[in-house]
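Worksheet: one structure, shown below.
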Amino acid sequence: MKVARLYIIMFVMINLFSIVSQAQNMDTITIEEIKICEPISIKTDNKQTSQVSSYNQKFLNNRNVKDFKDFSSATPTLFIPDYGSKVTSSIYLRGLGSRIDNSSVGLCLDGVMLLNKNAFDFSYFDFARVDIFKGAQSLMFGMNTMAGVIALNTLSPMNYQGFKGSLGYANANTFNISAAYYDKIKKHSAYMVGADYTSTDGYFENKYNNSKVDWAKSLNMRFIWEYSKDNVQAKNSTYVSYIHQGGYPYALFDTLNGTTQEVNYNDFSGYDRLFLMNNTSYNYHNDVYSFQSLTSFQFNFDKLQLDNDFTALDYFNMTQKQHDYAVSQEIIFKDNNKSDKWNWIVGAFAFYKYLDMDAPVKFKKDGIDSLILANANNGIHSAGFNSDIEFKEKEMTVESNFKYPRLGGAAYAQIDYQLKRFNFAFGVRVDCENVGLDYLSQAKINYRWVPYIADWKEILTKFEGKSNKTYLQVLPKFAINYLLKKGNVYASISKGYMTGGYNTAMFADIIRNQMMQDLIADMNIKPKPGSAMEDIYAMYDKDEIINYKPQYIWNYEIGGNVALLNNKLSLSASLFYIDVSNQQITIFLNPQTTGRMMTNAAQSRSFGGEISLTAYIKDFTFVANYGYTNAKFIKYYDGKADYKDKYLTYYPLNTLCVMMDYLLRVDKKYLDNVNFAVTYSGIGDIYYNSTNTIKQSFYNLLSCDITLRRNHYSVSFWARNILNTKYNTFYFLSSGHNFVQMAKPFTFGVTMKISL
């Protein structure tokens, strides 16, 4: 009943928009901290056909925003869980998301898409605005934007000159310092140079060695040069991000009574990353057309170390080193003839990406005994033999190397037609991508089987080959936009997709399984069906295991935005229905396996709604957002169970956020004003497995920022999770064990800023 009432309210609001306002084109609605429908680049215009949440610099400063996780739940239906390390940058929007490999939400930095999901999570400093576009954005932004796009816009040295600096300290011995200098060289050119450094001791302790596991040190640098004269603008930007951290405070979880043990594992887990990105943009515009060129070079070098079993036993660990190189080029032409009823935009995009990855997995004594020897000897006993095999080595390393090239190109166009108050838009994108994989995974071990094989005998197991897939996508979009005096009402249909790829995380387990089959063959044993030595991958084609296909969606949406009371009040609402096919699901083929894999195993649908209200009364700002998402499987049978009508995993059904700001004007000698910013968030329920038997119930978070300002100086006192709410941010199953990560506790700190 509550959901039904919400939909009725939304429907009435959307229809009221057309009554309370007269028809007129909307350029920008500005309500102090939140902006609606402000164009961020040549790709966007003022004919909004999806919901957009925009946050300007004042909002970012008042709430001491440091990374994109701070927007989680503040934006309706957006959820970015904080777990693992900065490589685990999963984003869920409107029920769509992915734990590994690709993202269903794109990240755009100054107009350029980041091509590696591993680089999404970095420190934000000196951003002018953040725009979050919801719904399928594939027409303009391409692959991996089927749920939306987060667009980051840095502060321009053409718009601001001077020095900006900040210094902060928080509990867990968390320290942050940043500095940036902006200046004009001449009248038409300017530059910026800045850096941000953060370190923390962490909040979670490893019982095994009594040390913190989630410590981190990060350094981010930015260099920008801009030129602007008459109709020409040019910009070159270099971004450098370095992270050295621990992480992964995963603890055993008892699913029966809901209790969590302490973090307790013996091997080091952590993440190191060096990310470099250089973008060059060129813009030309006149009264007839606009032209934009965007060139980007992106390099990501990282190393991930994991105690894969996350227990104090010597099971197995992994070291994954990646060298990722990418280059992209985009050109865009746009019609600027305002007097013409017809308008158009056309563009072309191309990229090349090459990943070289080494991912050795070391099986240690307990892992060999339980995952290999125990299964092998149980199978031998089932075949009628009483003697056990032995391994000479106490450790076994599965060496894996992957060459992962991707090449893609796209052409897109959109045509708009204006008929009085109506605007009709039709667009299509043709996207072609070739994905390849050269792989070599191998391991060797010496065994004996007394009395049948008395001497040590070497078994070498290899999994080697090449694969290549080409995907062609046609992505249409159709939208109707009804323009109001201070708003709009729209309806849109669009197609999006998330690209396919390869399950590199499966290879160590494939080798482990194949080694047992090689042992069976070498000993000429035929174990009984269903025994521990059974080939768990026998029913799967090799190509099915290592390859997964793109995921497709159709997004249907109606919504509207309106500003009332002389722009002192804004309302926005939308209803959406998303049909998902070829859905990518992260699974374990067997509860005892160690490798996770992505597979196309399901069809699902997601429907829901969003509603936002922003009010500005003198020095008081009030923002309320609510998002509801109901995403379920329509068809998903994994060979053992039918999950039809079960909720999808890892996204929240409800996101609720209330933000209140009050500016107290003091105007005294030592103090100009005090800003109070209070944020309440409610999130949940979140289902963690496809059977819907494990979930995180709805939980409440409260945060506060108090900022004192005088001239160019400010001091902020802030606190997060003031209620010290205990909840899980992540759950997973590995090697038959259940694990969770608990959320960070109550945190607080102080930040001093200067702007000269």
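Just the heavy atoms: all of them, side chains too, but no hydrogens, waters or symmetry mates, feed the values below.
There is no side-chain donor-acceptor pair under 3.5 Å between Asn144 and Ser103. No side-chain donor-acceptor contact under 3.5 Å links Gln292 and Ser281. Between Tyr55 and Thr75, the side chains place a donor N or O and an acceptor N or O closer than 3.5 Å (distance only, hydrogens not considered). Side-chain polar atoms of Ser296 and Asn279 form a donor-acceptor pair below 3.5 angstrom. Between Ser574 and Gln51, the side chains place no donor N or O within less than 3.5 Å of an acceptor N or O (distance only, hydrogens not considered). No hydrogens or angles considered: a donor-acceptor pair under 3.5 Å links the side chains of Tyr548 and Asp101. For the residue pair Asn336 / Asn286, no side-chain donor-acceptor distance below 3.5 Å is found, with atom types taken as modelled. Judged purely by distance below 3.5 Å, without hydrogens or angles, the side chains of Ser73 and Ser681 pair a donor atom with an acceptor atom. With hydrogens and angles left out, the side-chain atoms of Thr280 and Asn236 include a donor and acceptor closer than 3.5 Å. Side-chain N/O atoms of Ser178 and Ser166 include a donor and acceptor closer than 3.5 Å. For the residue pair Asn153/Asp110, the side-chain donor-acceptor check at 3.5 Å is not satisfied.
At least one donor-acceptor pair under 3.5 Å links the side chain of Gln298 to the backbone N or O of Met113. A donor-acceptor contact shorter than 3.5 Å links the side chain of Thr655 to the backbone of Thr77. Of the possible donor and acceptor atoms, none in the side chain of Asn278 sits under 3.5 Å from a partner among the backbone N and O of Tyr239. Under a 3.5 Å cut-off, the side chain of Arg429 and the backbone N or O of Leu139 do form a donor-acceptor pair. Listed for the Asn102 side chain is a donor-acceptor partner under 3.5 Å among the backbone atoms of Thr499. Without hydrogens or angle criteria, Tyr651 side chain to Ala631 main chain gives a donor-acceptor distance under 3.5 Å. A donor-acceptor contact shorter than 3.5 Å is absent between the side chain of Asn300 and the backbone of Leu276. Put simply, the side chain of Asn176 gets close to the backbone of Tyr197: a donor and an acceptor are under 3.5 Å apart. Between the side chain of Ser72 and the backbone N or O of Ile80 there is at least one donor-acceptor pair closer than 3.5 Å. Although no hydrogens or angles enter the test, the distance criterion places no donor-acceptor pair under 3.5 Å between the side chain of Ser606 and the main chain of Gly95.
In this structure, CD1 on Ile553 lies 6.0 Å from CE on Met146, to the nearest 0.5 angstrom. The line from CG of Leu219 to OG of Ser241 is 8.0 Å long, rounded to the nearest 0.5 Å. Taking CG of Asn423 as the start and CG of Asp416 as the end, the distance is 4.5 Å to the nearest 0.5 Å. Atoms OH and OG1, from Tyr83 and Thr729 in turn, are 8.5 Å apart once rounded to the nearest 0.5 Å.
Scanning both residues, Pro76 and Leu93, for their nearest heavy atoms gives O-CD1, 4.2 Å. Across Lys117 and Ser98, no two heavy atoms sit closer than the pair CE-O, 4.0 Å. Residue Asn600 comes nearest to Pro550 through the heavy atom pair ND2-O, 3.7 Å, listed as atom of the first residue, atom of the second, then distance. When every heavy atom of Gly501 is checked against every heavy atom of Asn547, the shortest pair comes out as O-ND2, 3.4 Å. A pairwise comparison of heavy atoms in Tyr92 and Gly97 identifies CD2-CA, 3.5 Å as the closest pair. For the residue pair Ala119 and Phe275, the shortest heavy atom distance occurs at CB-CD1, 3.6 Å.
You'll find the ring centres of Tyr191 and Tyr227 outside the 6.0 Å limit.
Contact annotation: the side chain of Phe291 approaches that of Tyr282 to within less than 4.5 Å [non-hydrogen atoms, C-beta and beyond]. Between Ile91 and Leu78 the shortest side-chain heavy-atom distance falls below 4.5 Å. Considering only heavy atoms from C-beta on, Ser53 stays 4.5 Å or farther from Ser572 through its side chain. Using a 4.5 Å cut-off on side-chain heavy atoms (C-beta onward), Met498 and Met143 make no contact. Considering only heavy atoms from C-beta on, Leu107 comes within 4.5 Å of Leu152 through its side chain. The closest side-chain heavy-atom distance from Asn481 to Phe424 is not below 4.5 Å. Within the 4.5 Å cutoff, side-chain heavy atoms of Tyr325 are placed close to those of His323. For the pair Glu557 and Ser50, the minimum side-chain heavy-atom distance is below 4.5 Å.
Each of Asp438, Asp324, Asp356, Asp358 was checked for a salt bridge (charged side-chain N to carboxylate O under 4.0 Å, His left out) with Lys403, and the lone residue meeting it is Asp356. Each of Tyr404, Phe402, Phe507, Tyr502 was evaluated against Tyr439; a single residue qualifies, Phe507, per the ring pair (Phe, Tyr, Trp, His ring centres under 6.0 Å) test. Residue Tyr417 forms a ring pair (Phe, Tyr, Trp, His ring centres under 6.0 Å) with just one option from Trp344, Trp342, Phe426, Phe478, and that option is Trp342.
For Lys66 and Phe68, the positive end is not near the middle of the six-membered ring at less than 6.0 Å and at most 45° from its axis. A cation-pi arrangement, defined by a distance under 6.0 Å to the six-membered ring centre and an angle within 45 degrees of its axis, is present between Arg222 and Phe125. Taking the ring centre of Tyr242 as origin, the terminal cationic atom of Arg273 falls outside the region bounded by 6.0 Å and 45° from the ring axis.
For the pair Lys164 and Asp126, the salt-bridge criterion is not met [side-chain N within less than 4.0 Å of a carboxylate O]. Between Lys321 and Asp302 there is no salt bridge, since no side-chain nitrogen of the basic residue lies less than 4.0 Å from a carboxylate oxygen of the acidic one.
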Checklist entry - Going through the distances and angles, do Lys469 and Glu433 end up as a salt bridge (charged side-chain N to carboxylate O under 4.0 Å, His left out)? => result CA-CA 8 Å; Lys469 302 288 182 181; Glu433 182 183 12; over 6 Å; no
Item to check | Worked check of side-chain contact (heavy atoms from CB on, under 4.5 Å) between Val130 and Ile150 | outcome: CA-CA 7 Å; Val130 177; Ile150 299 176; 4.2 Å; yes
Item to check | salt bridge (charged side-chain N to carboxylate O under 4.0 Å, His left out) evaluation trace for Lys86 with Asp121 | outcome: CA-CA 6 Å; Lys86 287 187 176 293; Asp121 193 351; 3.3 Å; yes
Checklist entry - Checking ring-ring contact (aromatic ring centres under 6.0 Å, His included) for the pair Phe120/Phe122: CA distance, chi angles, key distance, verdict? => result CA-CA 6 Å; Phe120 278 15; Phe122 58 91; 8.8 Å; no
Next on the checklist: Set out, in order, the CA-CA distance, both residues' side-chain angles and the distance that settles side-chain contact (heavy atoms from CB on, under 4.5 Å) for Thr154 and Lys235, then state yes or no.
Outcome noted: CA-CA 12 Å; Thr154 56; Lys235 180 177 181 179; 3.6 Å; yes
Item to check | Step-by-step side-chain contact (heavy atoms from CB on, under 4.5 Å) determination, Tyr412 to Met140 | outcome: CA-CA 7 Å; Tyr412 57 90; Met140 291 295 171; 3.7 Å; yes
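For residues 576-585, the side chain to side chain donor-acceptor pair (under 3.5 Å) pairs, not counting sequence neighbours, are Gln583-Ser604.
Atom NZ of Lys69 has more than 12 heavy atoms from other residues, nucleotides or ligands within 6.0 Å.
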